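Following: one structure in C-alpha cells, then a few remarks.
Chain A is the first sequence line, chain B the second, and so forth, proteins listed ahead of strands; every chain is numbered from 1. Predicted model only: the values in this text are computed from it and were never measured.
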Amino acid sequence: MGEKIPPVKGTRDVLPTDTYLKKDDPWVRTGHLQLIEQAARDIFPLYGYREARTPILERTALFARGIGDATDIVSKEMYTFEDRDGTQVTMRPEGTASLVRAYVEHAVQQQGGETKWWYAGPMFRHERQQRGRYRQFTQIGVEALGSTGPRIDAEQIEMLDRWLRFLAVPFEMHVNTLGDARCRPAYRTALQEYLRANADRLCEDCKKRTETNPIRVLDCKNPRCQEVAAGAPRMESYLCDECKAHFDGLRESLTRLGVAHLVDPKLVRGLDYYTRTTYEAIATSGLGSQSTVAGGGRYDGLVRELGGGDVAGIGFAAGVERLALLVAQAGREKEERPVVFLAPLGAAEEARADVLAKHLREAGIAAEVSFRGSNAANQLKRANALGARFALVVGELELSSGRAKLKELRTGEQHEVDLARLPDEVKRLAQNTPPSAA
RNA sequence: GUGGCUGUAGCUCAAUGGUAGAGCACUGGACUGUGACUCCAGGUGUUGCCGGUUCGAGCCCGGUCAGCCACCCCA
C-alpha cells in the first residue's frame, strides 16, 4: 500500500455531507457554498452584472503594479513561480486586477457606458491559516467600470446588502472615504507628522506603519495606539470639495435606498488602488477575528495604471468560506436528496428498476436505485439514510402485476401506483403532500 | 512570519508509566418483502511522525508535521 498523501497546507476539501468531518472543524458542506453562489447568480444580474471568467494564473507584474508592491499580499503572500519559458507567473491573490486587465485587453472602454461584471473563483494567499482564513479561498466579487458618480457606489452597496440579507448573515455595513489623488497625500502627510510626533506612545508595529501605511495606525487594536489615533487628524477635514461631495452623495443615496450603514473613519483597506469610497460588511457574530465578510471600494486610477484609459471603477469581493461559516451556523443549505429510492429484490427486478429510474429522471424526478442486492429492510434503511421522500420496493409481485406500493417515508403511508405511469404518479403524490421540512 | 493550545478507530472521547477501550456511525441478523424504535452479532488502530528517558511509553522529554485559536493581514 502506498502512503497517504496529505493535502497542501491551508487547503481544504468541501464535501456534501459532514458525517465524516471532525466536530470542531469549523468547516462547511458543498450545500452551503451552493446556496451562497446560487443567490449571487440570481441577484447580481438583477442589477445588470454579468459573469466574467479570467485565468487563475497571471503575470506577476499585474499584481505587483495593480495591488501595490508594498502591500503584504504582494510582498510576502503570493504563490509565484517561473513558468517553463521563464515568465514570472502568480496564482491570483484577488480578482480585481485580472478583471481590469481583461477590460483593458479587450478595449471594453470603446463600447462606452458602464461595464458591470461579477466573478467567482479560487484565490491564493500564502498566509498562516485560522478560522475564516485559508491559503486557497473563494471570492465572489463584482466590478463596475466607467462611472464616477456616487449613485453607482450606492447601488452596488445596496446589492451587497440585499445578497447578505438574503443569506441571513448577521452583519453591519461600514462605509468610509479615503479621498483621492489630490487630497489623500496631504492628509497622509499630516497624519504622518502627527504620528511621528507621538511615536513614543505607539507600538512597534505602528511605528513601522507610520512610514509604510500610516492610515492603518488608526485601526490598531493596541489601546495606547488607539489613544493616539483618537487625537489624530481626520480625513474628513482634508477632503477636497469633489471628494466631500462624492461622500455626501453616497450617504444620501444609501439612505434613499434604505441601506443601513455606519460611517467608520477607521475603515482602511489594504490594497493600494482604493480611492474615495471604501466599504466593508462586517459580521457581528459567528466568526473569529476574521470578521470581514466582504470588502470593497472605488479604484479610479487602476485602469490607467494597468495600461487603459481614464476609467473609474468600484467593486467588492466577498469571502465565500466566511459567508459559509455563517450560513452553516444559521442551518441554511442547498439540499440534494433523492425523491424516489428504488429497492429491487432480485436480478430481474434490478433490471426493471434501472429502467424505472431512467423514466423518473427523464421526468425531472431525482431517483436512486440500490445496487447492493439486499433485503427490503436494509434497502429501506438506506432510503431513509439518504433522506429520500418515497421508497418503491420492486419484487416478483410488482413485476408480474405492473403495480407497486410507493411508500412515503416520513409518514409511512403507502400509495398503490401503476409502474407504467410511475413518473406521473410520483408527481401527483408529491403535490398532494408537501415535502417534509427536515 | 510570531505565539498559545491540541493530536488515540470513520466521528466523539476514555485508558494512576504496566494487555489500547466505550458510545455513535457502519455492515449483517432477529423480521425468508418494508426504514425511523428495540435487541443481538461483527470489524477497524503503525495512539500524527522521528528520536530520547525507562525493565516497560498512548502517557514523561526533545524535535518535527498537521489542525485549531490569536497576533499580523485580509475575503
Side-chain angles (χ1 to χ4, degrees), chain A residues 1 3-4 6-12 17-27 67 71-77 93-96 120 122-141 160 203-206 208-209 212-213 216 219-222 268-271 280-283 287-296 316-325 341 343-346 349 372 374-388 390-398 404-414 436 438:
Chain A
M1 247 206 339
E3 275 180 44
K4 199 166 75 167
V8 172
K9 187 181 176 113
T11 65
R12 302 294 303 267
T17 59
D18 64 359
T19 51
Y20 26 67
L21 297 180
K22 293 183 191 299
K23 181 187 168 194
D24 64 345
D25 230 342
W27 202 236
I67 302 171
T71 60
D72 280 13
I73 292 176
V74 172
S75 64
K76 49 192 185 197
E77 296 174 2
E94 58 108 47
T96 301
M123 308 293 164
F124 302 83
R125 293 181 197 172
H126 193 100
E127 293 186 279
R128 183 83 162 258
Q129 79 232 44
Q130 65 183 79
R131 185 181 191 82
R133 190 170 78 183
Y134 313 97
R135 291 187 174 179
Q136 176 178 335
F137 61 103
T138 312
Q139 284 189 336
I140 295 181
L160 173 62
C203 69
E204 287 308 307
D205 282 335
C206 282
K208 278 182 218 151
R209 283 193 275 240
T212 56
N213 195 348
R216 271 230 167 277
D219 203 26
C220 184
K221 281 159 193 150
N222 185 310
V268 173
R269 314 238 60 245
L271 283 46
E280 273 185 15
I282 298 174
L287 292 178
S289 58
Q290 308 300 317
S291 56
T292 299
V293 122
F316 70 73
V320 176
E321 287 78 6
R322 289 182 190 175
L323 286 173
L325 288 168
F341 186 90
L345 298 177
E349 291 87 345
R372 308 202 49 159
S374 181
N375 64 28
N378 285 322
Q379 298 205 47
L380 266 282
K381 206 178 278 183
R382 186 74 194 147
N384 196 54
L386 284 170
F390 299 104
L392 189 77
V393 175
V394 183
E396 266 182 74
L397 182 66
E398 287 79 9
K405 289 207 175 75
L406 186 67
K407 179 164 191 170
E408 180 148 22
L409 290 167
R410 191 170 52 86
T411 60
E413 203 178 344
Q414 304 223 55
S436 68

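Here the separation of B:C13 from B:C31, taken at their C1' atoms, is 34 Å to the nearest Å. As rounded to the nearest Å, B:A14 and B:G51 have C1' atoms that lie 28 Å from one another. Straight-line distance between the P atoms of B:C60 and B:U16: roughly 11 Å, to the nearest whole Å. Between B:C65 and B:C50, the distance separating the two C1' atoms is 10 Å to the nearest Å. B:U64 and B:C26 have their C1' atoms separated by 35 Å, with the value rounded to a whole Å. Comparing the same atom, P, in B:U27 and in B:A15 gives a spacing of 31 Å after rounding to whole Å.
Between the CD atom of A:Glu321 and the P atom of B:A75 there is a distance of 13 Å, given to the nearest Å. Atom CD in A:Gln129 sits roughly 15 Å away from atom C1' in B:C72 (whole-Å rounding). Atom-to-atom, CD of A:Gln136 to P of B:A75 comes out at 17 Å; the value is rounded to the nearest Å. Atom pair A:Arg135:CZ and B:A75:C1' shows a separation of 16 Å (rounding to whole Å applied). Rounded to whole Å, atom C1' of B:U34 lies 7 Å from atom CD of A:Gln414. As a whole-Å value, the separation of A:Ile282 CD1 from B:A75 P is 12 Å. The distance from atom CG of A:Leu287 to atom C1' of B:C69 is 14 Å, rounded to the nearest whole Å. Distance NZ (A:Lys9) to P (B:U64): 12 Å, rounded to an integer number of Å.
Contact check, A:Gln130 against B:C68: no side-chain N or O comes under 4.0 Å of OP1 or OP2. An OP1 or OP2 oxygen of B:C71 is reached within less than 4.0 angstrom by a side-chain nitrogen or oxygen of A:Ser289. Applying the 4.0 Å criterion to OP1 and OP2 of B:A75, one finds that A:Gln290 has every side-chain N and O outside that range. The phosphate of B:U34 (OP1 or OP2) has no side-chain N or O of A:Gln379 nearer than 4.0 angstrom.
The side-chain heavy atoms of A:Lys76 and A:His126, taken from C-beta on, include no pair separated by under 4.5 Å. Put simply, the side chain of A:Thr96 does not reach to within 4.5 Å of the side chain of A:Ile67, judged on heavy atoms. Counting heavy atoms from C-beta on, the side chains of A:Arg125 and A:Arg133 never come closer than 4.5 Å.
Where A:His126 and A:Asp72 meet RNA chain B, the nucleotide closest to each residue was compared, and A:His126 sits on the side nearer the 5' end. Both A:Lys405 and A:Ala318 lie near RNA chain B, and the one whose nearest nucleotide falls closer to the 5' end is A:Lys405.
Remark: A:Asp205 CG to A:Asn222 CG distance equals 9.0 Å, nearest 0.5 Å. Note that the CZ atom of A:Arg322 and the OH atom of A:Tyr134 stand 8.5 Å from one another [nearest 0.5 Å]. In this structure, CD in A:Glu94 is found 6.5 Å from CD1 in A:Ile73, a value given to the nearest 0.5 Å.
When distances are taken from the side chain of A:Arg128 to each of B:G4, B:A75, B:C73, the shortest belongs to B:G4. Nearest nucleotide to the A:Arg209 side chain, out of B:C72, B:A75, B:U34: B:C72. The side chain of A:Asp205 sits closest to B:C72 out of B:U34, B:C72, B:C68. The listed nucleotides are B:C72, B:G4, B:U34; the one nearest the side chain of A:Leu380 is B:U34.
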Indicate for each nucleotide in nucleotides 26-33 of chain B, in 5' to 3' sequence, whether protein heavy atoms under 4.0 Å reach the base (B), only the sugar-phosphate (S), or nothing (-).
-> -SSS---B

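Judged purely by atom type and a 3.5 angstrom limit, A:Arg372 has no side-chain atom pairing as donor or acceptor with the backbone of A:Gln379. Looking at A:Arg135, its side chain does come within 3.5 Å of a backbone N or O of A:Glu127 through a donor-acceptor pair. In this structure, the side chain of A:Glu321 engages the main chain of A:Thr138 through a donor-acceptor pair within 3.5 Å.
Below the 3.5 angstrom threshold, one finds a donor paired with an acceptor across the side chain of A:Lys407 and the base of B:G35.
The two residues A:Gln130 and A:Ser289 have their closest heavy-atom pair at NE2-OG, 3.0 Å.
Every stem involving RNA chain B, taken as at least 3 paired positions in a row under the Watson-Crick or G-U wobble test at 3.5 Å, is listed here: B:1-7 with B:65-71, B:10-13 with B:21-24, B:26-30 with B:38-42, B:48-52 with B:60-64.
Counting any heavy atom pair closer than 4.0 Å across all strands shown, A:Ala294 reaches sugar-phosphate atoms only and no base atom. In this structure, A:Gly412 reaches the bases: a heavy-atom distance under 4.0 Å links it to at least one base atom across the strands shown. Using a 4.0 Å heavy-atom criterion, one finds that A:Gly10 contacts the sugar-phosphate atoms exclusively.
Between the side chains of A:Thr11 and A:Gln136, no donor-acceptor pair of N or O atoms lies under 3.5 Å.
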